[in-house]
There are 2 protein chains.
Amino acid sequence: MASRDGFSWTEEDGLKPGVPCIGAIQPPSNLTSAHDVTYDVIVAGAGYCGLTAARDAAVAGLKVLLLEGRDRIGGRSWSSNIGGYPFEMGGTWVFWGQPNVWREIMRYQMQDELEVSYDFSRGINEYHISNGRTTQRFTHDEEDKIVESGLRKLVNVDGAYGKNVIPFSHTSKFSSEAIKLDSMSVADRLAEIQDSLTPNERLAVESFVLLCSGGTLETTSVFEFLHWWALCAYSYEGCIDYLVKYKFRGGQSSFAIRFFQEALATGNLTYAFNSPITTVRNTTAGVEVTTRQAQRFKARRMISAIPLNVLNNVTFDPPLPQGKQAAASIGHVNQCVKVHAEVRDRDLRSYTGISYPHNGLFYALGDGETPSGNTHIVAFGGQHNHFEPDEDIEVTKKALQGLTPMNIKRIVFHNWSKDEFAKGAWFFPGPGLLSNHLNDMRACHGKVFFASSDWALGWRSFIDGAIEEGTRAALAVRNDLGRGEHVPMRSKLA
Amino acid sequence: MASRDGFSWTEEDGLKPGVPCIGAIQPPSNLTSAHDVTYDVIVAGAGYCGLTAARDAAVAGLKVLLLEGRDRIGGRSWSSNIGGYPFEMGGTWVFWGQPNVWREIMRYQMQDELEVSYDFSRGINEYHISNGRTTQRFTHDEEDKIVESGLRKLVNVDGAYGKNVIPFSHTSKFSSEAIKLDSMSVADRLAEIQDSLTPNERLAVESFVLLCSGGTLETTSVFEFLHWWALCAYSYEGCIDYLVKYKFRGGQSSFAIRFFQEALATGNLTYAFNSPITTVRNTTAGVEVTTRQAQRFKARRMISAIPLNVLNNVTFDPPLPQGKQAAASIGHVNQCVKVHAEVRDRDLRSYTGISYPHNGLFYALGDGETPSGNTHIVAFGGQHNHFEPDEDIEVTKKALQGLTPMNIKRIVFHNWSKDEFAKGAWFFPGPGLLSNHLNDMRACHGKVFFASSDWALGWRSFIDGAIEEGTRAALAVRNDLGRGEHVPMRSKLA
């Protein structure tokens with residue numbers, strides 16, 4: 001199985017679109033000719049949010065139609081297995097303190113199918129800071145000290161390292177202090193503390209923040225960065241554990257497919273890939289949805305798991321409320337460029353480094369060892385020095401070499417900025433978006449329920465947030481159809 | 001609504017059995033006379049594990065019969081609301097890093113219904129250490145330093161504060177080092193480090209360990225204590241957050257009842273309280289279950305959520321495998337005595353203290369303020385100096401006064417040691433039980449699936465572990481009945 005998504009490059013084959021993926025479902029649809037059926041719920045989008053919603057609804061006995069624009073499941077989290085080794089094209093890491101994702105891992109009994117990404121025991125066991133003129137080399141212990149010290153200065157907005165302004169990280173009820181911080185950019189905050197940061201702390205902190213936001217320092221909300229920090233137990237050690245520690249040996253698609261298979265096994269799931277939605281009409285009876293191929297489907301309710309940055313691509317009738325439209329027009333700022341390199345340098349397994357602010361890719365780490373013994377390097381770029389990795393592979397290679405010299409055998413990536421169904425990577429808000437529009441993003445519109453990691457309350461932007469939201473939406477639809485609890489959940493969704 | 005369980009005492013009314021509880025379900029059964037039905041699954045036990053299993057199975061369309069010996073839901077976690085204030089009779093605290101419980105809190109959108117237990121801002125804002133001869137007074141910052149310093153000495157079995165021996169806290173695959181530590185008691189470990197502990201550290205650490213295990217130092221497995229420590233992010237701060245921070249404003253029963261209501265709303269749930277199971281017979285077609293009232297029920301499968309310490313009260317035909325019987329005979333060691341006092345001393349809101357080893361209750365903290373402005377103190381005793389709080393209320397009062405002088409208005413408690421359906425509080429293993437029998441406890445027996453927090457992999461002993469296990473069992477039964485995923489899950493349950 002292969003997806004149209006993603007690119008791979010080798011010296012022999014050059015740059016080729018499309019990569020192998022177990023999440024590319026065959027057959028691509030199980031629709032029958034009986035098009036006159038009214039489904040209980042149409043779920044738009046087969047990322048983790050849509051998959052969770054479709055699975056939960058199908059398991060609960062609702063007749064579900066899952067529509068997906070792509071040829072695969074997983075949305076912004078999917079893996080390509082090349083030569084027996086998984087490359088994570090988007091969302092990758094999980095941790096047991098992420099409640100929704102961990103609940104699913106335990107439920108599918110996949111807890112022993114995880115491995116630790118980094119291995120600080122071999123070869124060039126170093127952290128490099130390249131600023132375009134010189135490269136300094138540090139031990140990983142020194143790395144920890146530099147990054148932690150810098151981060152603690154950044155997040156100490158309240159004398160309590162963020163604990164006072166965000167005491168509770170899973171709510172939409174923001175304190176006035178939190179709202180104020182959401183109006184600030186990280187650039188603003190750095191201006192406040194610039195005299196206290198050493199030059200290396202400044203480089204390390206800026207690149208860490210940009211690694212989280214995929215934007216620029218000016219477009220990164222201080223509040224949301226603090227929200228991540230709060231989720232990571234208000235500590236640098238927590239950031240490492242939660243953000244980059246465990247990944248699936250079989251890749252994210254080996255996890256996502258469990259949701260799809262479970263939904264399918266109920267007999268309640270109809271699905272169609274390659275079916276982007278163009279219009280959604282609220283009717284008195286429910287919703288009518290049209291796809292790009294002019295197929296029309298009817299359902300009593302709809303769950304839109306369409307990401308914020310592409311929500312305005314769909315025409316809603318009646319139009320979406322102003323606040324939701326405004327949020328979609330503003331969008332989020334993450335234009336992360338994630339590039340995998342399989343390199344022949346076995347010594348790089350324990351390498352981490354930043355090459356900032358001059359280089360196209362500003363952060364990389366040794367992320368694994370391929371079956372042939374090569375090293376897997378994963379590298380990240382953002383909005384500053386942004387480039388399209390598929391347009392000129394020599395530029396991409398130069399950005400990799402600008403991190404540290406490497407003997408590249410293979411390059412694998414997905415260009416999220418050009419992805420018509422995402423227009424960006426994981427959600428990260430600019431200043432003001434959350435305090436002005438979080439509730440707008442979460443609100444229903446007629447019989448359409450909106451669910452996305454982009455507006456989750458807890459691990460917003462993460463796979464965990466996607467599952468949180470898919471869970472919420474499926475239960476809300478069940479309740480709205482009178483199949484769930486005898487409590488008024490609809491108003492609570494808004 | 002009131003339950004037979006629990007006791008309350010006031011000067012005016014004396015000691016009275018039974019307390020108000022919204023988890024006491026009316027009517028106590030919705031059984032009809034059509035007794036010849038064969039259910040898809042009988043769930044035995046309506047604690048969080050059984051409730052989760054029953055709910056998930058009912059939502060998935062299985063015909064479920066839930067049998068419970070008590071008159072209420074919640075098992076070892078339930079609350080009594082007295083005068084508008086909830087007293088937690090058993091399991092109390094939750095945290096967002098507990099994956100299963102937090103997933104449910106977000107799913108039911110109860111995240112804003114939590115409050116922080118402690119409030120270190122008022123009155124006698126102190127930590128007391130009473131050793132029977134003197135009482136020393138400390139600030140809470142000093143308390144943190146004493147307990148943390150002592151704990152770090154205790155858990156540093158590997159030079160890495162437990163991270164090397166338990167790098168991953170959600171698995172049944174124990175390393176040889178872990179198995180070795182499971183053969184040791186905390187008394188053994190204390191003997192190794194006794195020269196490094198200050199007298200106050202020793203008192204603080206011993207009482208902390210006993211607060212976790214409800215046993216004695218000799219009957220507390222070092223491995224399991226380290227497992228708790230690992231779950232709490234290997235830190236004292238994590239212990240506070242995970243173990244005692246957030247509780248429900250409406251009490252645990254306000255959470256548990258959501259599971260029951262959701263299951264009931266499916267129309268697939270039949271239930272009967274006051275119906276203890278006496279025998280379970282595996283047949284070729286399924287299971288036949290008999291209750292103490294000699295009612296007989298048939299089902300295709302059964303989920304036993306019966307706790308370890310009372311599993312041998314039920315007669316299985318054919319008998320349970322030797323390993324499971326042995327585990328149940330050994331049992332767990334937790335005989336925690338938890339006593340609530342509503343006291344007129346408003347100054348005690350910010351009090352914490354230990355009175356150890358001489359006193360009947362060795363640990364207490366200010367846990368809230370009642371609507372009438374009184375202070376709520378919660379106190380804990382264990383296996384050493386064990387007493388039955390219902391037998392002589394003067395002894396109970398003396399144990400409370402032995403912590404710190406208090407003007408007692410009301411006492412509320414549940415005697416878990418005398419509870420015929422629990423025979424103890426939350427699970428805590430003595431040395432050897434887990435390494436010898438964890439897989440025995442988790443294994444199926446014919447068509448009976450065994451689920452309990454007592455043998456969860458992650459937050460074993462916690463509400464989270466109960467939900468983990470109920471989730472696992474419901475999915476396993478669905479798969480076994482061919483309703484779930486097309487994968488062989490049965491073997492994975494074993």
Side-chain angles (χ1 to χ4, degrees), chain A residues 56 59-61 95-109 111-112 114 116 167-173 231 233-235 237-238 241-242 246 258 261-267 456-458 464 467-469 471-472 474-476 478-479 482-487 489 492-493, chain B residues 56 59-61 95-109 111-112 114 116 167-173 231 233-235 237-238 241 246 258 261-268 456-458 464 467-469 471-472 474-476 478-479 482-487 489 492-493:
Chain A
D56 285 6
V59 165
F95 194 64
W96 61 64
Q98 294 173 328
N100 296 283
V101 77
W102 201 260
R103 182 259 184 188
E104 300 294 340
I105 288 172
M106 296 299 284
R107 185 170 182 274
Y108 289 131
Q109 296 179 51
Q111 66 273 8
D112 294 318
L114 298 170
V116 177
F168 182 68
S169 51
H170 289 68
T171 181
S172 60
K173 297 182 177 165
L231 290 164
Y234 309 90
S235 73
E237 192 178 359
D241 283 347
Y242 278 96
Y246 290 105
R258 303 292 292 266
Q261 287 171 340
E262 183 180 352
L264 199 58
T266 63
L457 295 185
D464 191 84
I467 301 171
E468 174 197 320
E469 278 285 294
T471 302
R472 176 176 81 111
L475 185 59
R478 279 177 55 216
N479 289 332
R483 303 266 198 115
E485 287 190 290
H486 290 162
V487 291
M489 287 286 286
K492 288 200 183 174
L493 191 85
Chain B
D56 285 6
V59 165
F95 194 63
W96 60 65
Q98 293 173 329
N100 296 283
V101 77
W102 201 260
R103 183 260 185 185
E104 299 295 340
I105 287 171
M106 296 298 285
R107 184 170 181 274
Y108 289 131
Q109 297 180 49
Q111 67 272 8
D112 295 317
L114 299 170
V116 177
F168 183 70
S169 50
H170 290 68
T171 182
S172 60
K173 296 182 178 166
L231 289 165
Y234 308 91
S235 74
E237 192 178 359
D241 284 347
Y246 291 106
R258 302 293 291 268
Q261 286 171 338
E262 184 181 350
L264 199 58
T266 64
N268 292 324
L457 295 185
D464 191 84
I467 301 172
E468 173 197 320
E469 278 285 294
T471 302
R472 176 175 81 110
L475 185 59
R478 278 177 56 216
N479 289 332
R483 303 265 199 116
E485 286 191 290
H486 291 161
V487 290
M489 288 288 287
K492 289 199 183 176
L493 192 85

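A, B, ... follow the sequence lines: proteins, then strands. Residue 1 opens every chain. Values in this document were obtained by computation on a predicted structure and should not be read as measured data.
- Residue D56(A) touches chain B through its side chain alone, counting heavy-atom pairs closer than 4.5 Å.
- Of the residues considered (H170(B), K173(B), E104(B)), H170(B) shows the highest number of contacts with chain A, using heavy-atom pairs under 4.5 Å.
- With a 4.5 Å cut-off on side-chain heavy atoms, L475(A) and E262(B) count as touching.
- Contacts of F95(A) with chain B are absent, with no heavy-atom separation under 4.5 Å from either backbone or side chain.
- For the pair D112(A)/F168(B), a side-chain contact is recorded, criterion being any heavy-atom separation below 4.5 Å from C-beta on.
- Among all heavy-atom pairs drawn from R103(A) and T471(B), the shortest one is NH2-CG2, 3.7 Å.
- Put simply, the side chain of L457(B) reaches to within 4.5 Å of the side chain of Q111(A), judged on heavy atoms.
- When the side chain to side chain donor-acceptor pair (under 3.5 Å) test is applied to Q98(B), no partner is found at least two apart in sequence or on another chain.
- Here E469(B) pairs with R442(B), W455(B), R472(B) under the side chain to side chain donor-acceptor pair (under 3.5 Å) rule; sequence neighbours left out.
- Between chain A and the options G61(B), G97(B), G458(B), S169(B), the largest number of non-hydrogen pairs under 4.5 Å is found for S169(B).
- In terms of heavy-atom pairs under 4.5 Å with chain B, the best-connected choice from S172(A), G238(A), A233(A), A60(A) is A60(A).
- Residues W96(A) and P167(B) come closest through the heavy atom pair CH2-O, 3.6 Å.
- A distance of 11.0 Å separates OG1 in T171(B) from CD in Q109(A), rounded to the nearest 0.5 Å.
- Heavy atoms of S235(A) lying under 4.5 Å from chain B are absent altogether.
- Of the inter-residue distances, the one linking W102(A) atom CH2 with D464(B) atom CG reads 12.0 Å to the nearest 0.5 angstrom.
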